[in-house]
Amino acid sequence: MALTQDVIEQLAEHLENAELQIADVTKITDDYPDMDWKDAYDIQYAIRRRKLGRGQKLSGLKMGLTSHAKMKQMGVEVPIFGFLMDYFARPDGAEIKVSELIHPKIEAEIAFVTKAPLYGPGCHIGNVLAATDFVLPAVEVLDSRYRDFKFDLKSVVADNGSSARYVTGGRSRSVDELDLKNLGVVIEKNGRVVSTAAGSSVLGHPAASVAMLANMLGERGEHIPAGTFIMTGGMTEAIAVEAGDHIVARYQDLGQVSMKFI
Ligand code: OOG
Ligand code: MG
């Protein structure tokens, strides 16, 4: 730990204010180049406590930077995790206000809901499949609080992995009804296909992303409780959106998720 608890709380307030005031900021490692990984997650957890303290509810967890497409796009190499709050969630077909966001981008993800707790270290795909209640499609709307979406890993961890909104839809299925590695997704923006991917683009198998989350939480003495909604990370590079854009993500065997940006 390189930062004091005071500085961690200040940076949490600074980043959360950027979200709530819809005003971008420069990446925090510019001012605190010595901050370490623990500091980065401590800032993220301090943001989470601020929201919980206001009575907002946690709605799930997310992994990020789990596909090569995303790692390449953002110039980073290690997956990260973050949290989801109830107020990020939007229903299928929602109108999402861009005026509430800085510079939104969308990405298609595969989400899991657990029916048993998962513990690391040593969690693997087999444990995850056995503990999965069902899988469902989700589109995440990212909104980095950093200017021009430019950050390094520690800065983006502190900023809760750019989390802002997410939309679930389609139909849920049990894992034995799905070929998760080969499960295809087609993303359309305004009726045009802009990206395609398969489940294996996420760490070789999307369940590997949930296992990695359990293992990362295990290092902190935490686990994934039963009944947790988990987004496994963008399968393709994120796609910038603006008011007027209509997004449809069509998933093999899982139906579709759509939204309109207004
Ligand atoms: C970081 C968030 C990454 C994902 O699914 O890869 C993420 C970012 O790219 O802004 O949510
Ligand atoms: Mg994501």
Side-chain angles (χ1 to χ4, degrees), residues 15-16 18-19 22 24-29 37 40-41 43-44 47-48 59-85 88-90 96 101-112 135-169 180 183 185 187 194-213 216 228-241 247 249 251 257 259:
L15 286 174
E16 206 206 11
E19 177 209 336
I22 319 163
D24 61 10
V25 294
T26 54
K27 66 180 197 303
I28 56 175
T29 48
W37 284 100
Y41 277 104
I43 296 165
Q44 183 194 115
I47 295 174
R48 175 162 148 176
S59 61
L61 297 171
K62 65 172 251 182
M63 286 291 284
L65 307 170
T66 49
S67 68
H68 288 296
K70 288 274 328 189
M71 291 186 211
K72 192 168 163 227
Q73 181 181 32
M74 305 324 300
V76 292
E77 272 143 29
V78 190
I80 61 174
F81 70 89
F83 63 84
L84 302 169
M85 299 302 293
F88 298 177
R90 293 290 180 276
I96 297 181
L101 301 166
I102 302 166
H103 41 202
K105 291 185 185 181
I106 62 99
E107 54 190 15
E109 308 204 10
I110 295 172
F112 285 60
V135 169
L136 74 168
V139 171
E140 180 165 31
V141 181
L142 294 174
D143 195 36
S144 176
R145 269 54 71 169
Y146 297 118
R147 198 148 302 153
D148 303 323
F149 248 96
K150 293 224 163 57
F151 48 68
D152 53 16
L153 264 177
K154 287 172 190 160
S155 296
V156 71
V157 164
D159 185 32
N160 191 27
S162 313
S163 304
R165 301 280 182 269
Y166 66 90
V167 182
T168 50
L180 281 164
L183 192 141
V185 65
I187 306 172
V194 287
S195 205
T196 60
S200 57
S201 59
V202 174
L203 295 173
H205 189 300
S209 173
V210 179
M212 185 180 274
L213 175 62
M216 290 169 94
T228 304
F229 170 75
I230 303 155
M231 298 203 306
T232 56
M235 300 158 79
T236 67
E237 72 287 354
I239 297 155
V241 288
I247 296 291
Y251 290 75
V257 179
M259 71 214 66

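First listed ligand is number 1; within each ligand, the first listed atom is number 1.
Residue P104 comes nearest to V141 through the heavy atom pair CB-CG1, 3.8 Å, listed as atom of the first residue, atom of the second, then distance. Shown here for G169 and V257, the closest heavy-atom pair between the two residues is N-CG2, 3.8 Å. Counting all heavy atoms, side chain and backbone alike, V78 lies closest to L65 at O-CB, 4.0 Å. Of all heavy-atom pairs spanning I28 and S155, the tightest one is N-OG, 3.6 Å.
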Contacts table for ligand 1: protein N or O within a distance under 3.5 Å of ligand N or O, distances only.
| residue | atom | partner | partner atom | Å |
| --- | --- | --- | --- | --- |
| ligand 1 | 5 (O) | E107 | OE2 | 2.6 |
| ligand 1 | 5 (O) | E109 | OE2 | 3.0 |
| ligand 1 | 5 (O) | G234 | N | 2.7 |
| ligand 1 | 6 (O) | L65 | N | 2.7 |
| ligand 1 | 9 (O) | K70 | NZ | 2.7 |
| ligand 1 | 10 (O) | S162 | OG | 2.6 |
| ligand 1 | 11 (O) | K62 | NZ | 2.8 |
| ligand 1 | 11 (O) | E107 | OE2 | 3.0 |
| ligand 1 | 11 (O) | E140 | OE1 | 3.0 |

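A salt bridge links K62 and E140; the closest N-O separation between the charged side-chain nitrogens and carboxylate oxygens is under 4.0 Å. Comment: K70 engages E107 in a salt bridge, judged by a side-chain N to carboxylate O separation of less than 4.0 angstrom.
Judged by the 6.0 Å and 45° rule, K105 forms a cation-pi pair with F149.
Distances shorter than 2.8 Å separate the Mg ion (ligand 2) from the protein N/O/S atoms E107 OE2, E109 OE2, E140 OE1.
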Test Y146 against S162 for side chain to side chain donor-acceptor pair (under 3.5 Å), laying out the working first. CA-CA 9 Å; Y146 297 118; S162 313; over 6 Å; no
Could you go step by step and tell me if F229 and F112 meet the ring-ring contact (aromatic ring centres under 6.0 Å, His included) rule? CA-CA 6 Å; F229 170 75; F112 285 60; over 10 Å; no
